[in-house]
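Notes follow once the structure below has been shown.
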Amino acid sequence: MMSNTLEGFDEAWTKSTPFIEKALKENGAEFTVEDVLREVQDEQAIFYPVTNGAAIFTVAQYPQRRLLRIWLYGGKTDTGRANLDVIMEAADYFAEKHECDGVELTGRKGWEKVLHPYGYKYKSVTLSKDLGEHGNG
């Protein structure tokens, strides 16, 4: 975990910003990098930098379950598998640390195949529709 109070945070955040921006754009552009940074600073999100990439985790509290959510992940594709192994290990670690029942994520269809070897299974699909000038993101 990279708390914003730890030494080296600013440098790690700066290096990770392009990966976070790309993940945000692919995720629907509901948040800016500044919004994510604020979530990390307010300890509502966990920033986890890796070599040439970064992940952002949050905890989702449902009435019957508590899940660690892999909110964002972005990185260079040439280090993808190595980074992904580290991210999946980190997700399990933070899920246990935050007393979660499991891990969840919403992502593009391709993640289903990529994450299957880590024990992830298809559960649902998210659909969205942009409307008029407010939805041209």
Side-chain angles (χ1 to χ4, degrees):
M1 179 170 126
M2 192 75 180
S3 168
N4 65 309
T5 60
L6 291 177
E7 185 176 330
F9 175 85
D10 291 336
E11 181 182 351
W13 183 262
T14 299
K15 286 181 180 179
S16 299
T17 296
F19 305 118
I20 295 168
E21 284 177 335
K22 185 175 182 206
L24 285 167
K25 187 180 243 185
E26 292 174 357
N27 210 28
E30 288 93 0
F31 294 84
T32 65
V33 171
E34 292 78 19
D35 296 328
V36 176
L37 178 58
R38 195 168 23 263
E39 293 287 317
V40 171
Q41 291 170 333
D42 292 343
E43 297 182 359
Q44 298 301 307
I46 300 163
F47 168 54
Y48 194 80
V50 293
T51 304
N52 294 319
I56 306 290
F57 305 117
T58 61
V59 174
Q61 181 65 56
Y62 299 104
Q64 303 301 316
R65 299 190 75 200
R66 181 178 175 91
L67 299 173
L68 184 87
R69 178 177 295 142
I70 303 172
W71 177 21
L72 300 166
Y73 169 70
K76 285 191 176 179
T77 54
D78 60 341
T79 57
R81 194 47 163 210
N83 278 349
L84 193 55
D85 288 344
V86 173
I87 296 297
M88 294 298 103
E89 288 176 24
D92 290 348
Y93 168 80
F94 287 116
E96 288 182 25
K97 181 178 179 179
H98 291 277
E99 300 178 350
C100 295
D101 300 306
V103 181
E104 71 175 4
L105 71 111
T106 300
R108 291 172 293 152
K109 179 76 172 146
W111 282 111
E112 182 180 0
K113 182 178 179 181
V114 171
L115 296 180
H116 182 75
Y118 297 96
Y120 287 76
K121 294 180 173 69
Y122 172 83
K123 185 175 178 183
S124 65
V125 64
T126 301
L127 302 171
S128 68
K129 176 182 173 182
D130 291 336
L131 298 174
E133 69 182 66
H134 298 289
N136 51 346

Do the non-hydrogen side-chain atoms of [X] and [Y] ever get within less than 4.5 Å of each other?
{"X": "F57", "Y": "V103", "value": "no"}
{"X": "I56", "Y": "E39", "value": "no"}
{"X": "L115", "Y": "L84", "value": "yes"}
{"X": "L72", "Y": "L24", "value": "yes"}
{"X": "E21", "Y": "K25", "value": "no"}

Practice task
Would you mind telling me which of R69, R66, Q61 makes a side-chain contact (heavy atoms from CB on, under 4.5 Å) with C100?
Solution key: R66

Nearest 0.5 angstrom please: [X] [atom1] to [Y] [atom2], how far?
{"X": "L68", "Y": "E96", "atom1": "CG", "atom2": "CD", "answer": "11.0 Å"}
{"X": "Q41", "Y": "F9", "atom1": "CD", "atom2": "CZ", "answer": "6.5 Å"}
{"X": "L37", "Y": "D42", "atom1": "CG", "atom2": "CG", "answer": "9.0 Å"}

Report yes or no: do [X] and [Y] belong to one cluster of Ile/Leu/Val/Met/Phe/Trp/Tyr joined by side chain heavy-atom distances under 4.5 Å?
{"X": "L67", "Y": "I87", "value": "no"}
{"X": "V40", "Y": "F19", "value": "no"}
{"X": "V50", "Y": "V114", "value": "yes"}

Practice task
May I have the step-by-step check of side chain to side chain contact (heavy atoms under 4.5 Å, CB included) for D92 and Y118, ending in yes or no?
Solution key: CA-CA 10 Å; D92 290 348; Y118 297 96; over 6 Å; no

Practice task
Please work out which of the three classes, parallel, tilted or perpendicular, describes the rings of Y48 and F94, given edges at 30° and 60°.
Solution key: perpendicular

Exercise for the section: Could you point out which residue of Y62, W71, Y120 forms a side-chain hydrogen bond (donor to acceptor under 3.5 Å, both in side chains) with E104? Expected result: Y62

Practice task
Identify whether the distance between the nearest side-chain nitrogen and carboxylate oxygen of E11 and K15 falls below 4.0 Å.
Solution key: yes

